[in-house]
Colleague: 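Got a structure here, written out as structure tokens. Questions coming.
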Amino acid sequence: MDLEPLKRIGIAAAFKAGSVLRSHYGKITSISKKGAIDLVTEADTSSEEIIIQTIRKAFPDHAILAEESGLSPGKAEHMWIVDPLDGTTNFAHGLDMFSISIAYAFKQEIVVGIVLCPATNEIFAAMKNKGADLNGRSLKVSSSKTVSESLLVTGFPYNFKEILNPLLNRFSNCLKASQGVRRLGSAAIDLCYVACGRFDGFWEQKLKPWDTAAGELIAREAGAVVTDFSNNPFTIDKTEILATNGKIHTEMMGLLNLKDAV
């Protein structure tokens with residue numbers, strides 16, 4: 001299967017959506033809530049509309065799963081998975097750490113992944129078995145051999161109060177063992193930063209398919225190991241993700257393994 005046309009359309013959709021987000025950035029007038037701290041803005045919906053339009057024009061019979069509008073009908077074996085604005089809370093507060101995530105799955109396997117960071121104009125892309133790149137430059141994970149040499153990144157789910165104790169225990173374990181832990185607010189960026197070696201490991205709970213679909217492929221194609229906290233293969237319907245450079249994976253699992261894990 002030739003994945004290049006799918007990659008090209010995904011990149012085109014991402015750049016169109018990036019222009020939409022930049023036009024809204026710093027000018028948000030309407031913010032609504034899907035949950036107590038789960039925000040959605042007019043930028044989310046406008047970005048999603050242009051992505052769907054771009055994909056539909058090229059592939060009218062493909063299905064699309066998007067964060068704001070849900071599942072659009074189409075051939076189930078051809079599925080696009082879209083997060084039009086990953087990092088909405090950052091965006092709404094004028095922080096430029098946000099991204100657009102677009103993935104394509106063939107027969108339920110992610111084979112194309114694209115993540116655009118509009119503020120920096122960095123575009124990460126990958127195709128199955130073809131490697132990953134950043135603005136056309138090949139990516140490779142870091143070479144850190146231990147967590148003590150590593151810079152880690154994590155995120156907190158919107159319903160963090162329901163799992164607060166295991167969340168804080170894991171954070172504490174990793175903070176004490178590593179050179180530091182960052183929290184950027186965009187899982188797609190976190191995974192891409194593991195792919196390019198800016199971070200050595202990433203973990204999070206309670207993510208949605210559109211948060212991880214593109215970034216997980218990009219990380220794996222750059223050499224990352226991606227599993228759940230128990231070393232089972234990661235799939236986008238799982239509620240745990242651990243992505244590392246591979247060398248620190250076993251050590252990270254030990255830090256995340258709690259008896260009261262949720």
Side-chain angles (χ1 to χ4, degrees), residues 5-25 27-92 98-118 123-125 155 157-159 185-189 191 204 206-218 235-239:
L6 296 139
K7 180 183 175 184
R8 284 197 299 270
I9 292 301
I11 289 174
F15 275 116
K16 288 179 182 180
S19 296
V20 169
L21 294 186
R22 281 191 292 270
S23 71
H24 283 281
Y25 187 59
K27 306 171 187 175
I28 291 297
T29 58
S30 174
I31 301 175
S32 56
K33 291 184 177 182
K34 294 184 285 186
I37 57 172
D38 190 358
L39 308 181
V40 60
T41 72
E42 67 262 31
D44 294 74
T45 52
S46 297
S47 174
E48 186 167 294
E49 286 171 3
I50 195 69
I51 292 169
I52 291 174
Q53 288 172 9
T54 304
I55 294 171
R56 281 266 177 257
K57 185 175 181 181
F59 305 107
D61 59 343
H62 287 195
I64 303 172
L65 175 64
E67 180 178 10
E68 306 306 333
S69 59
L71 180 61
S72 300
K75 292 182 177 178
E77 67 177 12
H78 298 283
M79 174 75 75
W80 294 82
I81 305 165
V82 174
D83 191 337
L85 175 48
D86 188 33
T88 299
T89 302
N90 286 348
F91 185 91
F98 57 89
S99 64
I100 296 157
S101 174
I102 301 173
Y104 167 77
F106 179 65
K107 295 183 178 178
Q108 300 185 321
E109 180 183 13
I110 308 296
V111 293
V112 176
I114 295 139
V115 174
L116 172 67
C117 305
I123 188 154
F124 299 83
Y158 291 118
N159 62 339
S186 167
I189 293 178
L191 285 161
E204 192 165 347
K206 306 290 186 180
L207 290 168
K208 301 293 186 182
W210 44 80
D211 296 315
T212 57
E216 184 264 344
L217 178 68
I218 293 166
T235 56
I236 59 173
D237 59 337
K238 284 187 177 290
T239 60

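Worth knowing before you read on, the calculation uses all heavy atoms, side chains too, and leaves out hydrogens, waters and symmetry mates.
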Colleague: Which residues pass the side chain to side chain donor-acceptor pair (under 3.5 Å) test with Trp80, sequence neighbours left out?
Modeller: His62
Colleague: Could you note down all residue pairs passing side-chain hydrogen bond (donor to acceptor under 3.5 Å, both in side chains) where residues 98-117 supplies at least one of them, sequence neighbours left out?
Modeller: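 Only His78-Tyr104, Ser99-Ser186, Glu109-Lys128 qualify under side-chain hydrogen bond (donor to acceptor under 3.5 Å, both in side chains).
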Colleague: Can you tell me how far the CG atom of Leu116 sits from the CD1 atom of Ile100, to the nearest 0.5 Å?
Modeller: 5.0 Å
Colleague: Just verifying a value: how many Å separate Ile110 CD1 and Met79 CE, rounded to the nearest 0.5 Å?
Modeller: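 One gets 9.5 Å once the value is rounded to the nearest 0.5 Å.
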Colleague: Restricting to non-hydrogen atoms, name the atom on Ser47 and the atom on Ile50 that form the minimum distance, rounded to 0.1 Å.
Modeller: O-CG2, 3.1 Å
Colleague: Mind checking the NZ-CG spacing from Lys206 to Asp211? Nearest 0.5 Å is all I need.
Modeller: 13.5 Å
Colleague: How long is the straight-line distance from CZ of Phe15 back to CD1 of Ile123, given to the nearest 0.5 Å?
Modeller: 4.0 Å
Colleague: Salt bridge (Lys or Arg N to Asp or Glu O under 4.0 Å): which pairs involve residues 80-91, sequence neighbours left out?
Modeller: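 Not a single pair qualifies under salt bridge (Lys or Arg N to Asp or Glu O under 4.0 Å).
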Colleague: Please give me the minimum heavy-atom distance between Ile52 and Ala66, naming the atom from each residue.
Modeller: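 Looks like CD1-CB, 4.3 Å.
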Colleague: Could you tell me whether the side chain of Leu85 reaches within less than 4.5 Å of the side chain of Leu21, counting heavy atoms only?
Modeller: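 Touching, per the 4.5 Å side-chain cut-off.
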Colleague: Quick one, Leu191 and Ile218 - any side-chain contact, counting heavy atoms below 4.5 Å?
Modeller: no
Colleague: Are any of the side-chain heavy atoms of Pro84 and Trp210 separated by less than 4.5 Å?
Modeller: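 No - every pair of side-chain heavy atoms lies 4.5 Å or more apart.
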Colleague: Taking only residues two or more places apart in sequence, or in another chain, which ones meet Glu77 in a salt bridge (charged side-chain N to carboxylate O under 4.0 Å, His left out)?
Modeller: none
Colleague: Under the salt bridge (charged side-chain N to carboxylate O under 4.0 Å, His left out) rule, collect the residues that match up with Glu204, sequence neighbours excluded.
Modeller: none
Colleague: Who passes side chain to side chain contact (heavy atoms under 4.5 Å, CB included) against Ser23, sequence neighbours left out?
Modeller: none
Colleague: Only counting residues at least two apart or in another chain, list the ones meeting side chain to side chain donor-acceptor pair (under 3.5 Å) with Thr212.
Modeller: none
Colleague: List in chain and number order the residues that pass salt bridge (charged side-chain N to carboxylate O under 4.0 Å, His left out) with Lys238, two or more places apart in sequence or in another chain; answer none if no residue qualifies.
Modeller: Asp228
Colleague: Suppose the criterion is side-chain hydrogen bond (donor to acceptor under 3.5 Å, both in side chains): which pairs have a residue in residues 48-59, not counting sequence neighbours?
Modeller: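 Of all non-adjacent pairs touching residues 48-59, those that pass side-chain hydrogen bond (donor to acceptor under 3.5 Å, both in side chains) are Glu48-Ser69.
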Colleague: Take Leu6 and Phe59 through the side chain to side chain contact (heavy atoms under 4.5 Å, CB included) test and state the conclusion after the steps.
Modeller: CA-CA 9 Å; Leu6 296 139; Phe59 305 107; 3.9 Å; yes
Colleague: Quick one: closest heavy-atom pair of Leu217 and Gly113, and the distance?
Modeller: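 Closest approach of Leu217 to Gly113: CD2-N, 3.5 Å.
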Colleague: For Asn90 and Gly185, work out which heavy atoms get closest and say how close.
Modeller: ND2-CA, 3.9 Å
Colleague: Please name all residues satisfying salt bridge (charged side-chain N to carboxylate O under 4.0 Å, His left out) with Lys208, sequence neighbours left out, ordered by chain then number.
Modeller: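 Salt bridge (charged side-chain N to carboxylate O under 4.0 Å, His left out) check on Lys208 returns nothing, list empty.
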Colleague: Taking all atoms of both residues into account, what is the closest heavy-atom pair of Ile51 and Ala13, and its distance?
Modeller: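 Looking at all heavy atoms of both residues, the closest pair is CG1-O, 3.9 Å.
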Colleague: To the nearest 0.5 Å, how far apart are OG1 in Thr45 and CD in Glu68?
Modeller: 7.5 Å
